[in-house]
Amino acid sequence: MEPLLLEIENLNKTFWIKSFFTQKQVRPIHALQDISMQIYRGEIFGLIGTSGSGKSTLAQCIMNIISPDSGKVLFYGTEKQMIFQHPAAVLNPKMTIAQIICEPMKIARQGNSKQQLKRAKELLELVELNQSYLFRYASQLSGGQQQRVCIARALVLNPELLVADEPISAQDSTIQAQLMRLFEKLLRERQLSILLISHDLTVVKRLCHRMAVIENGKIIEQGDTKQLFLAPKHPKMKQLTDAVLQVKSQ
């Protein structure tokens, strides 16, 4: 087993719905309930769940975007980055692709302009876009190309962990296949750890070494991906695997 990179211990997060008239807290939503999991260096860990199950809340706690009510997020690396589902929403339309990729280096004061541009070119090549994209704008790119730019930007500061929140599901089937091959390439060539959040079990089955299933803020099953597919214990996991087999048989 590789060294531990991320450890989550008994994480809890509750949001409160407020009354429209009084603005008082009237009903709790338990987004995360006693979540515990571990991610090791060099693995892709899948997190499966339906909309509203708590996947994105967990991602935001890991990235320190929001704070949990209790529990711990222990990161044993130096850098982690996030990739979002909708790239167009996070790419500045007024900046060129070169400016977008170089921005983290400027903020971190890494290298001069020439060195930053060279790094941007290298990362575009890594995500299989040629240098001509450097001076385009996000609106001139397809959705799949935009997501590749987001991946390139996430890699700028050499993170040990990528938290990828539904990075594939918004694309068509051809682009999904290309992005899955890209994630496999990153794992092979960069030895990254990736938390891959998805509602698509076929994506997780192909890419992930281990996985967890989250429902109503609780992890209901986790372990080796192949083993969970072969012998699911929780009824929800069995329902999901049966659905995948049914699709394949059609």
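Side-chain contact between Arg181 and Gln178: present, with at least one pair of heavy atoms (C-beta onward) separated by less than 4.5 Å. Residues Pro87 and Cys150 are in side-chain contact: their nearest non-hydrogen atoms beyond the backbone lie under 4.5 Å apart. At least one side-chain heavy atom of Leu186 sits under 4.5 Å from a side-chain heavy atom of Ile151. Side-chain contact between Glu160 and Leu5 is present, with heavy atoms from C-beta onward closer than 4.5 Å. With contacts defined as side-chain heavy-atom distances shorter than 4.5 Å, the pair Pro167/Gln147 qualifies. At least one side-chain heavy atom of Asn12 sits less than 4.5 Å from a side-chain heavy atom of Asp34. In this structure the side chain of Ile197 reaches within 4.5 angstrom of the side chain of Leu195, judged on heavy atoms. Ile8 places none of its side-chain heavy atoms less than 4.5 Å from the side chain of Gln38.
For Tyr133 against Gln145, the heavy-atom pair with the smallest separation is OH-NE2, 2.9 Å. Contact between Ala152 and Leu123 at its shortest, heavy atoms only, is O-CD1, 3.5 Å. Shown here for Thr225 and Cys208, the closest heavy-atom pair between the two residues is OG1-O, 3.0 Å. Here the shortest heavy-atom pairing between Ile39 and Arg210 reads CA-NH2, 3.9 Å. Closest non-hydrogen pair, Glu7 versus Leu4, comes out as OE1-CD2, 3.5 Å. Taking both residues in full, the closest heavy atoms of Ile100 and Pro104 are given as O-CD, 3.5 Å, listed atom of the first, atom of the second, then distance.
Under the side chain to side chain contact (heavy atoms under 4.5 Å, CB included) criterion, Pro28 pairs with Thr14, Trp16, His30, not counting sequence neighbours. Residues satisfying the salt bridge (Lys or Arg N to Asp or Glu O under 4.0 Å) test with Asp69, not counting sequence neighbours, are Lys13. Ala212 meets the side chain to side chain contact (heavy atoms under 4.5 Å, CB included) test with Phe45, Leu47, Ile219, Gln222; sequence neighbours excluded. Every salt bridge (Lys or Arg N to Asp or Glu O under 4.0 Å) that Arg206 has, sequence neighbours left out, goes to Glu184. Listed by chain and number, the residues in a side-chain hydrogen bond (donor to acceptor under 3.5 Å, both in side chains) with Asn216 amount to none (sequence neighbours excluded). With sequence neighbours excluded, no residue satisfies salt bridge (Lys or Arg N to Asp or Glu O under 4.0 Å) with Lys80. Applying the salt bridge (Lys or Arg N to Asp or Glu O under 4.0 Å) rule to Glu128 yields the partners Arg148, Lys185; only residues at least two apart in sequence or on another chain are considered. Take Gln110 and apply the side chain to side chain contact (heavy atoms under 4.5 Å, CB included) test, not counting sequence neighbours, and it matches Met105, Ala108, Leu157. For Gln131, the side chain to side chain contact (heavy atoms under 4.5 Å, CB included) partners are Lys121, Leu134, not counting sequence neighbours.
A donor-acceptor pair under 3.5 Å links the side-chain atoms of Glu166 to the main chain of His199, judged by distance alone. For Glu43 (side chain) and Tyr40 (main-chain N/O), a donor-acceptor pair under 3.5 Å exists by modelled atom type. With Gln140 contributing its side chain and Tyr137 its backbone, the two residues share a donor-acceptor pair below 3.5 Å.
Ile175 and Leu129 fall within the same hydrophobic cluster, where Ile, Leu, Val, Met, Phe, Trp and Tyr residues are linked whenever their side-chain heavy atoms come under 4.5 Å apart, directly or through other members.
Atom-to-atom distance recorded for Leu32:CG and Leu11:CG is 5.5 Å, nearest 0.5 angstrom. Considering CG of Leu187 and OG of Ser193, their distance stands at 8.0 Å, rounded to 0.5 Å. In this structure, the separation between CG on Leu228 and NZ on Lys238 is 14.0 Å, given to the nearest 0.5 Å. With rounding to the nearest 0.5 Å, the separation of CG in Leu124 from CZ in Arg153 is 12.5 Å. The distance from atom OG of Ser139 to atom CD of Gln146, rounded to the nearest 0.5 Å, is 8.0 Å. Note that CG of Leu126 is 6.5 Å distant from CD of Glu189, once rounded to the nearest 0.5 Å.
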(request) Apply side-chain contact (heavy atoms from CB on, under 4.5 Å) to Val203 and Leu196, showing your working. (result) CA-CA 9 Å; Val203 172; Leu196 181 63; 3.9 Å; yes
(message) Set out, in order, the CA-CA distance, both residues' side-chain angles and the distance that settles side-chain contact (heavy atoms from CB on, under 4.5 Å) for Met82 and Ile62, then state yes or no.
(response) CA-CA 10 Å; Met82 189 163 180; Ile62 292 170; over 6 Å; no
(request) Any chance you could lay out the side-chain contact (heavy atoms from CB on, under 4.5 Å) test for Asn10 and Lys72, step after step, and finish with the verdict? (result) CA-CA 7 Å; Asn10 309 113; Lys72 295 179 181 179; over 6 Å; no
(message) Between Leu58 and Ile35, does the side-chain contact (heavy atoms from CB on, under 4.5 Å) criterion hold? Intermediate values first, please.
(response) CA-CA 9 Å; Leu58 179 57; Ile35 298 290; 4.2 Å; yes
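Partner Leu192 forms a side-chain contact (heavy atoms from CB on, under 4.5 Å) with one of Leu155, Ile44, Leu161, Asn158 and no other, that one being Leu155.
For residues 81-106, no pair satisfies salt bridge (Lys or Arg N to Asp or Glu O under 4.0 Å), with sequence neighbours left out. Judged as a side-chain hydrogen bond (donor to acceptor under 3.5 Å, both in side chains), the pairs with a partner in residues 50-60 (not counting sequence neighbours) are, in order, Ser56-Asp165. Sorted by first and then second residue, the salt bridge (Lys or Arg N to Asp or Glu O under 4.0 Å) pairs with a member in residues 211-225 form an empty list; sequence neighbours excluded.
Side-chain atoms of Asp200 and Ser198 include no donor-acceptor pair closer than 3.5 Å. With hydrogens and angles left out, the side-chain atoms of Glu79 and Gln81 include a donor and acceptor closer than 3.5 Å.
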